[in-house]
Amino acid sequence: MGKTVESLDIDVNDVSATLFVTLYCHALESQSKNPILNDPMSVELVQRLNGKLYHSDQVLYKRLVRGRLDKKLIVHIAIRAKKYDQYVRDFLKHSPEGVIVNIGCGMDTRFWRIDNGRTSFYDLDLPEVISIKKKLITENERYHFIGCDVLDHDWMSVLDRHGRGPYLFIAEGVFMYLRQRDVKSLVLKLQSQFPGSELVCEVFNQVWLRKPLLKKMMDFKMKKELHLGPGATFHFGISSSEAMETWNPGIQFLDDWSYFDTDEEKLGWLRLFRRFELFRKTQWTVHYKLN
Ligand SMILES: C[S@@+](CC[C@H](N)C(=O)[O-])C[C@H]1O[C@@H](n2cnc3c(N)ncnc32)[C@H](O)[C@@H]1O
């Protein structure tokens, strides 16, 4: 790190603006008492971004700089990041030289939290996001950026060129913003291009998306609490953890995880939600093998 941020162009679309929310959640939680997540690099990043974001005309950014984020949201995002770190560590236990692709990485600094000295790690996000990240963080021989729309499948050739594996694709807080047909064609493409790979991704429950009133309430909440733009809305959902198995033979459901499954004390009474399947699976994570 240590590059200058004065020339940084932080003009990103409504969905990408959410990456600053998760970054600030990581940093705030890391500085709290008994942190769920230890992410010193996120703290350094926000210190460098604060001035730039504060002087932007976006209410969201000004609020982030002032630390005005719902405590529950900070805890949720930190729990999620910690769990995705664990998915990666578990994968690297059996495949220490495995390749990790962090789809829709935002400003996340997972590589430095999980690095085992042998893995290769790709941070993939839209070109404008990667151009911000490049100004803040430097690539190295095992850490690379891919500045590309994940739906433009050409990015996969970068991995092909290196010709290694096995692969773990992770998508934390990303797929719900994409369209159903796009997520499906991406997953099928990953399956055909990288047979034997694993996919860990966060999904949303279709039930909530199919009820227009509920969807409106959700969108209202996101706009009101976070001051996100209208483009930051969910489109993709599934009905059960096994749903993607029906997309193609060979897609194999391995396990799932919900925020409420964790025993983190900071989650408090919300842990009770684990007993109610509809709440447990409002927004949750699924893990598949793509055979
Ligand atoms: C909520 S943020 C999550 C960032 C990061 N995964 C984290 O947990 O901190 C969503 C991210 O998805 C990225 N994204 C959305 N659509 C994308 C696309 N079509 N291709 C690549 N990245 C995308 C956004 O730019 C943004 O960085």
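These numbers come from the heavy atoms of this one structure, side chains and all, not from hydrogens, waters or symmetry mates. In listed order, ligands and their atoms are each counted from 1.
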Lys/Arg cation over aromatic Tyr54: Lys62, 6.0 Å, 45° cone: yes
Parallel, tilted or perpendicular, as decided by the 30° and 60° cut-offs, for the rings of Phe236 and Phe175: perpendicular
Verdict with reasoning, Phe279 to Phe260, per ring pair (Phe, Tyr, Trp, His ring centres under 6.0 Å): CA-CA 9 Å; Phe279 289 116; Phe260 307 119; 7.9 Å; no
Geometric cation-pi criterion, Lys83 with Tyr87: 6.0 Å, 45°: yes
Trace of the ring pair (Phe, Tyr, Trp, His ring centres under 6.0 Å) decision for Tyr122 with Tyr143: CA-CA 6 Å; Tyr122 291 81; Tyr143 174 67; 9.0 Å; no
Can you produce the list of protein nitrogen or oxygen atoms under 3.5 Å from a nitrogen or oxygen of ligand 1, alongside each distance?
unit_1, atom_1, unit_2, atom_2, d
ligand 1, 6 (N), Gly104, O, 2.7
ligand 1, 6 (N), Glu172, O, 2.9
ligand 1, 8 (O), Arg80, NH2, 3.4
ligand 1, 9 (O), Thr22, OG1, 2.9
ligand 1, 19 (N), Asp149, OD1, 2.9
ligand 1, 20 (N), Val150, N, 2.9
ligand 1, 22 (N), Asp125, OD1, 3.4
ligand 1, 25 (O), Ser16, OG, 2.6
ligand 1, 25 (O), Asp125, OD1, 2.6
ligand 1, 27 (O), Asp125, OD2, 2.6

Within 6.0 angstrom of Arg210 CZ, more than 12 heavy atoms from elsewhere: no
